[in-house]
Protein chains: 2
Amino acid sequence: MDQRLVQEINRLHAEICGGLSDPKRITILYALAERSKNVMELAEVLALPQPTISRHLKILRERGMVVPERRGANIIYALGDKRIIRALDLLRQVLNDNLAHNARLVELTAK
Amino acid sequence: MDQRLVQEINRLHAEICGGLSDPKRITILYALAERSKNVMELAEVLALPQPTISRHLKILRERGMVVPERRGANIIYALGDKRIIRALDLLRQVLNDNLAHNARLVELTAK
DNA sequence: TTGATATATTCGGATTGTCGAATATTCCAA
DNA sequence: TTGGAATATTCGACAATCCGAATATATCAA
């Protein structure tokens with residue numbers, strides 16, 4: 001395998017992951033997994049100003065993680081790929097296990 | 001659910017994802033998935049200076065994504081959880097599909 | 001203990017990411 | 001075609017991240 005290409009792929013791979021590395025974007029993705037929403041709906045759900053939502057949507061859009069569809073004056077955003085949620089769920093499980101493990105350590109140390 | 005807690009969880013969730021958002025760290029994780037390695041081995045595989053590897057390992061270690069085990073003078077690093085690789089694989093598939101999709105668009109536009 | 005090897009940390013500087021606020025753009029309806 | 005609603009972009013400031021270089025720490029072997 002051409003090492004240049006591998007590096008380029010890894011860069012893009014990391015870029016995708018970077019799309020997930022913000023709590024607000026994670027919330028947006030889970031919200032869209034439930035059902036597609038327009039920008040204002042997302043702004044309400046996240047209780048954030050609309051420009052903030054638009055900025056994060058741009059980041060997700062550029063990575064193909066969400067897909068916009070114009071519907072009259074609104075733009076409905078949908079999850080780009082369900083595997084993104086599967087990946088997020090896996091990582092959340094890892095997080096849960098780590099937290100549980102740490103909690104056990106705290107318990108043991110306290111005795 | 002307490003909204004404060006949800007936000008805290010999402011913050012940690014994003015932090016885990018942030019651990020994946022660098023090409024070198026992705027390479028490290030895949031290298032460790034193959035088999036555990038010490039720092040110098042990783043430095044060789046990635047062709048990077050040792051301090052750079054150590055810095056990235058620290059980030060992964062803090063998130064529980066890799067686990068160190070001292071073996072004499074060396075420290076063997078192992079993948080913390082195989083689900084991390086499963087998540088990475090899912091996201092790489094999404095990337096592949098996006099690239100393939102874009103390639104199709106280029107083809108169609110060229111005609 | 002001393003030297004050598006393996007690993008980790010720190011520092012300054014450059015780059016990137018995020019935010020709020022303000023402003024543009026796009027589209028519909030009257 | 002003009003006003004309003006929905007969405008997107010830009011700006012400056014600030015925080016976070018990354019790197020190379022230098023340095024510190026830890027372990028082993030002699």
Side-chain angles (χ1 to χ4, degrees), chain A residues 7-8 10-29 31-32 35-80, chain B residues 7-8 10-29 31-32 35-80:
Chain A
Q7 294 211 343
E8 173 71 3
N10 281 344
R11 225 210 49 210
L12 293 171
H13 197 170
E15 210 166 274
I16 296 269
C17 294
L20 303 174
S21 67
D22 180 281
K24 295 169 185 175
R25 287 198 290 273
I26 289 182
T27 310
I28 289 177
L29 289 169
L32 293 183
R35 68 172 176 75
S36 298
K37 295 180 177 61
N38 63 31
V39 180
M40 288 205 329
E41 281 180 292
L42 284 171
E44 280 181 23
V45 172
L46 300 216
L48 286 174
Q50 171 267 319
T52 297
I53 301 291
S54 276
R55 258 190 280 111
H56 284 296
L57 284 174
K58 177 181 189 174
I59 292 173
L60 295 171
R61 202 192 321 131
E62 286 170 346
R63 289 159 173 76
M65 307 172 84
V66 301
V67 176
E69 181 185 348
R70 189 168 273 285
R71 184 84 64 94
N74 300 5
I75 296 186
I76 313 287
Y77 276 91
L79 195 62
Chain B
Q7 293 211 342
E8 174 71 3
N10 281 343
R11 214 194 39 107
L12 293 171
H13 198 170
E15 210 166 276
I16 296 269
C17 295
L20 303 175
S21 67
D22 181 281
K24 295 169 185 174
R25 287 199 290 273
I26 290 182
T27 309
I28 288 177
L29 289 169
L32 293 183
R35 69 173 174 77
S36 298
K37 295 179 177 63
N38 64 30
V39 180
M40 288 204 331
E41 281 180 292
L42 284 171
E44 279 181 25
V45 171
L46 301 216
L48 287 174
Q50 170 268 318
T52 297
I53 301 290
S54 277
R55 260 190 279 108
H56 284 296
L57 284 173
K58 177 181 190 175
I59 292 174
L60 294 171
R61 202 194 319 129
E62 286 170 345
R63 289 159 173 76
M65 306 171 83
V66 302
V67 176
E69 181 185 348
R70 189 169 272 285
R71 184 85 64 93
N74 299 5
I75 296 187
I76 312 287
Y77 276 90
L79 196 62

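Just so it is clear, the model here is predicted, and its values are computed rather than measured. Chain A is the first sequence line, chain B the second, and so forth, proteins listed ahead of strands; every chain is numbered from 1.
Remark: the backbone N or O of Ala31(B) is paired with a side-chain donor or acceptor of Lys37(B) at under 3.5 angstrom. The closest donor-acceptor contact from the side chain of Arg63(B) to the backbone of Glu15(B) lies under 3.5 Å.
Between the CG atom of Asn74(A) and the C1' atom of dC28(C) there is a distance of 10 Å, given to the nearest Å. Here the P atom of nucleotide dG17(C) and the CD1 atom of Ile26(A) are 16 Å apart, to the nearest Å. Rounded to whole Å, the distance from CG on Leu46(A) to P on dC19(C) is 11 Å. The distance from atom CZ of Arg71(B) to atom P of dT5(C) is 21 Å, rounded to the nearest whole Å. The CD atom of Glu41(B) sits 17 Å away from the P atom of dT5(C) (whole-angstrom rounding). Atom CD of Glu44(B) and atom C1' of dA6(C) are 13 Å apart (whole Å). Here the P atom of nucleotide dT16(C) and the CD atom of Glu62(A) are 14 Å apart, to the nearest Å.
Between dT18(C) and Lys24(A), no contact under 4.0 Å exists linking OP1 or OP2 to a side-chain N or O.
Minimum interatomic distance between Leu79(A) and Leu32(A) (heavy atoms only, all atoms of both residues): N-CB, 4.2 Å. When all heavy atoms of Tyr77(A) and Val66(A) are compared, the pair lying nearest together is CD2-CG2, 3.7 Å. Scanning all heavy atoms of the two residues, the minimum distance from Ile75(B) to Arg70(B) falls at CD1-NH2, 3.6 Å. Contact record, Ser36(B) with Ile76(B): CB-CG2, 3.7 Å, taken as the closest heavy-atom pair. When all heavy atoms are compared, the tightest approach of His56(B) to Asp22(B) is CE1-OD1, 3.7 Å.
The closest side-chain heavy-atom distance from Leu12(B) to Glu8(B) is below 4.5 Å.
Comparing Ile76(B) and Arg25(A) by the nucleotide of DNA chain C whose heavy atom lies nearest to each, the residue mapping closer to the 5' end is Ile76(B). Comparing Ala73(A) and Ser21(A), the nucleotide of DNA chain C nearest to each residue sits closer to the 5' end for Ser21(A).
Once you apply a 4.0 Å limit to the heavy atoms of chain A, the touched nucleotides of DNA chain D run 5' to 3' over dA6(D) to dT10(D).
Across residues 48-56 of chain A, Gln50(A), Pro51(A), Ser54(A), Arg55(A) each have a non-hydrogen atom less than 4.0 Å from an atom of DNA chain D (numbered order).
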Under 3.5 Å, sequence neighbours excluded: what are the donor-acceptor pairs made by side chains of residues 39-47 of chain A?
residue, atom, partner, partner atom, Å
Glu41(A), OE1, Asn38(A), N, 3.1
Glu41(A), OE2, Arg35(A), NH1, 3.3
Glu41(A), OE2, Arg35(A), NH2, 3.1

